[in-house]
**Student:** 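Dropping the structure in here first, questions after.
On a predicted model such as this, the values are computed, not experimentally measured, just so you know.
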Amino acid sequence: MNANHLPLFEDVDVIQVGARNMQNFELLKELGKTKKTILLKRGLANTFKELLMSAEYIMSEGNENVILCERGIRTFETYTRNTLDLSAVCALHELTHLPVVVDPSHATGRADYVKPMAMAATACGADGIMIEVHNNPAKALCDGAQSVTPDQFDDIMSRIKTIREVI
């Protein structure tokens, strides 16, 4: 959440910048001075252009290792946590060379929606899918409602592989 925490991440491969920190420009500039891959999540109410400009803050400091993540935006709908904007995959691929992943777990907030949204994200060209998995979602300390079990994850991956073969 702030640049003072960066030494804690020396032994990780990817640093995730959550949706609320997408516009923490001082943090983004410091991340740009690292060689770590940065997973940059789109904010709840941010445009594609704002997401790309946040990525530019990182890249302007020399770090080109940025992955964009669509994790849903806030709309008037309240049945799901957010609205998964799959058009973001197509638009961001058109607007940038950066890889785009989709997080259906955070987008929907519902484990039963993760599989169809992951399949849809794959079909529209996502470069990757980020899925929360827990051995016992009912006992998870946080985000249990959006977590799939390992068996469910295996099923999702099998279906994603099939879709990737077709497209």
**Student:** Could you check T122, T80, T108 and say which one makes a side chain to side chain contact (heavy atoms under 4.5 Å, CB included) with M117?
**Tutor:**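 Passing option: T108.
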
**Student:** Quick check on the hydrophobic clustering: are V102 and Y113 connected, directly or via other members, by side-chain heavy-atom contacts under 4.5 Å?
**Tutor:**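 Different clusters.
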
**Student:** For the backbone of E132 and the side chain of S105, can you confirm whether one donor and one acceptor N or O come within less than 3.5 Å of each other?
**Tutor:**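 Such a contact is found between S105 side chain and E132 backbone.
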
**Student:** When you check the side-chain N and O atoms of Q146 and R81, is any donor under 3.5 Å from an acceptor?
**Tutor:**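 Side-chain D/A pair, Q146 to R81: present.
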
**Student:** Is there a chain of hydrophobic side chains (I, L, V, M, F, W, Y, each step under 4.5 Å between heavy atoms) that links Y57 to L40?
**Tutor:**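 The answer is yes; both residues are in one hydrophobic cluster.
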
**Student:** What's the verdict on side-chain contact (heavy atoms from CB on, under 4.5 Å) for V101 and V89, showing C-alpha distance, side-chain angles and the deciding distance?
**Tutor:** CA-CA 8 Å; V101 302; V89 175; over 6 Å; no

**Student:** What's the separation between atom SG in C69 and atom CG in L51, rounded to the nearest 0.5 Å?
**Tutor:**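 C69 SG to L51 CG: 9.0 Å, rounded to 0.5 Å.
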
**Student:** Kindly compute the distance separating CG (L98) from CD1 (I67), expressed to the nearest 0.5 Å.
**Tutor:**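 So the CG of L98 and the CD1 of I67 are separated by 9.5 Å.
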
**Student:** Determine the minimum heavy-atom distance between D127 and P99, stating which atoms define it.
**Tutor:**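 Residues D127 and P99, closest heavy atoms: OD2-CA, 3.3 Å.
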
**Student:** Is there side-chain contact between E50 and T47, with heavy atoms separated by less than 4.5 Å?
**Tutor:**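 Yes, side chains in contact.
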
**Student:** Atom NE2 in H106, atom CG in N82: separation rounded to 0.5 Å?
**Tutor:**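 The CG atom of N82 is 9.5 Å from NE2 of H106, to the nearest 0.5 Å.
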
**Student:** Hey, does the side chain of Q16 reach the backbone of G18 with a donor-acceptor pair shorter than 3.5 angstrom?
**Tutor:**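 Looks like no, no N/O pair under 3.5 Å.
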
**Student:** Could you pull out the closest heavy-atom pair between A120 and L86, with the gap in Å?
**Tutor:**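 Looking at all heavy atoms of both residues, the closest pair is CB-CD1, 3.5 Å.
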
**Student:** Taking all non-hydrogen atoms of both residues into account, name the closest pair between A118 and I131 and its distance.
**Tutor:**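 Looks like CB-CD1, 4.3 Å.
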
**Student:** So which atom in P137 and which in S147 form the shortest heavy-atom distance, rounded to 0.1 Å?
**Tutor:**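 Of all heavy-atom pairs spanning P137 and S147, the closest is CG-O, 3.6 Å.
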
**Student:** Please determine, by modelled atom types, if Q152 and T149 share a side-chain donor-acceptor pair under 3.5 angstrom.
**Tutor:**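 Yes - a donor-acceptor pair under 3.5 Å links their side chains.
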
**Student:** Check step by step if side-chain contact (heavy atoms from CB on, under 4.5 Å) holds for H97 and E64.
**Tutor:** CA-CA 10 Å; H97 67 286; E64 299 281 324; 4.3 Å; yes

**Student:** Closest approach of K36 and E10, non-hydrogen atoms and distance?
**Tutor:**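 Closest heavy-atom pair between K36 and E10: NZ-O, 2.7 Å.
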
**Student:** Just verifying a value: how many Å separate T83 OG1 and F76 CZ, rounded to the nearest 0.5 Å?
**Tutor:**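 The CZ atom of F76 is 10.5 Å from OG1 of T83, to the nearest 0.5 Å.
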
**Student:** How far does CD1 of I15 sit from CG of N65, to the nearest 0.5 angstrom?
**Tutor:**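 The CG atom of N65 is 11.0 Å from CD1 of I15, to the nearest 0.5 Å.
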
**Student:** With a 3.5 Å cut-off and no angle check, do the side chains of H134 and D143 form a donor-acceptor pair?
**Tutor:**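 No, no side-chain donor-acceptor contact under 3.5 Å.
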
**Student:** How far apart are the C-alpha atoms of L44 and I73, what are their side-chain angles, what is the distance that settles it, and do they pass the side-chain contact (heavy atoms from CB on, under 4.5 Å) test?
**Tutor:** CA-CA 4 Å; L44 299 174; I73 55 173; 5.9 Å; no

**Student:** Hey, does I160 have a side-chain heavy atom less than 4.5 Å from the side chain of I129?
**Tutor:**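 Of all side-chain heavy-atom pairs linking I160 with I129, at least one is under 4.5 Å.
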
**Student:** Among the clusters formed by ILVMFWY side chains lying less than 4.5 Å apart, do L6 and F25 turn up in the same one?
**Tutor:**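 Yes.
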
**Student:** Can you tell me how far CD1 of I156 sits from NZ of K115, rounded to the nearest 0.5 angstrom?
**Tutor:**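 K115 NZ to I156 CD1: 7.0 Å, rounded to 0.5 Å.
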
**Student:** Say whether F9 and L27 are linked into one hydrophobic cluster, either directly or through other cluster members, by side-chain heavy-atom distances under 4.5 angstrom.
**Tutor:**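 F9 and L27: one cluster.
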
**Student:** Are the side chain of N46 and the backbone N or O of M22 linked by a donor-acceptor pair below 3.5 Å?
**Tutor:**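 Side chain of N46 to backbone of M22: no pair is present.
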
**Student:** Could you pull out the closest heavy-atom pair between K41 and D103, with the gap in Å?
**Tutor:**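 K41 and D103 have their closest heavy atoms at NZ-OD2, 2.6 Å.
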
**Student:** Would the number of heavy atoms belonging to other residues, nucleotides or ligands and lying under 6.0 Å from CE of M53 be above 12?
**Tutor:**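 Atom CE in M53 is not packed in, count stays at 12 or less.
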
**Student:** Regarding D85 and S87, do their side chains bring together a donor and an acceptor under 3.5 Å, going by distance alone?
**Tutor:**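 A donor-acceptor contact under 3.5 Å links the two side chains.
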
**Student:** Side chains of I58 and I38, heavy atoms from C-beta outward: is any pair under 4.5 Å?
**Tutor:**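 Yes, side chains in contact.
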
**Student:** Look only at the side chain of E165 and the backbone of T162, and say whether a donor-acceptor pair between them is shorter than 3.5 Å.
**Tutor:**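 Checked: no pair found.
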
**Student:** Tell me, do L31 and N63 make a side-chain contact under 4.5 Å, heavy atoms counted?
**Tutor:**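 Sidechains of N63 and L31: no contact.
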
**Student:** Charged N to carboxylate O under 4.0 angstrom, R42 versus E70?
**Tutor:**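 Salt bridge: yes.
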
**Student:** Under a 4.5 Å side-chain heavy-atom rule over Ile, Leu, Val, Met, Phe, Trp and Tyr, are V66 and F48 clustered together?
**Tutor:**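 Linked, V66 and F48 end up in one cluster.
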
**Student:** Where the side chain of T96 meets the backbone of L92, is there a donor-acceptor pair that is under 3.5 Å apart?
**Tutor:**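 Not at all, since once roles are kept as given, no pair shorter than 3.5 Å links the two residues.
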
**Student:** Would you mind reporting whether L39 and V17 have side-chain heavy atoms less than 4.5 Å apart?
**Tutor:**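 Counting from C-beta outward, V17 and L39 never come under 4.5 Å.
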
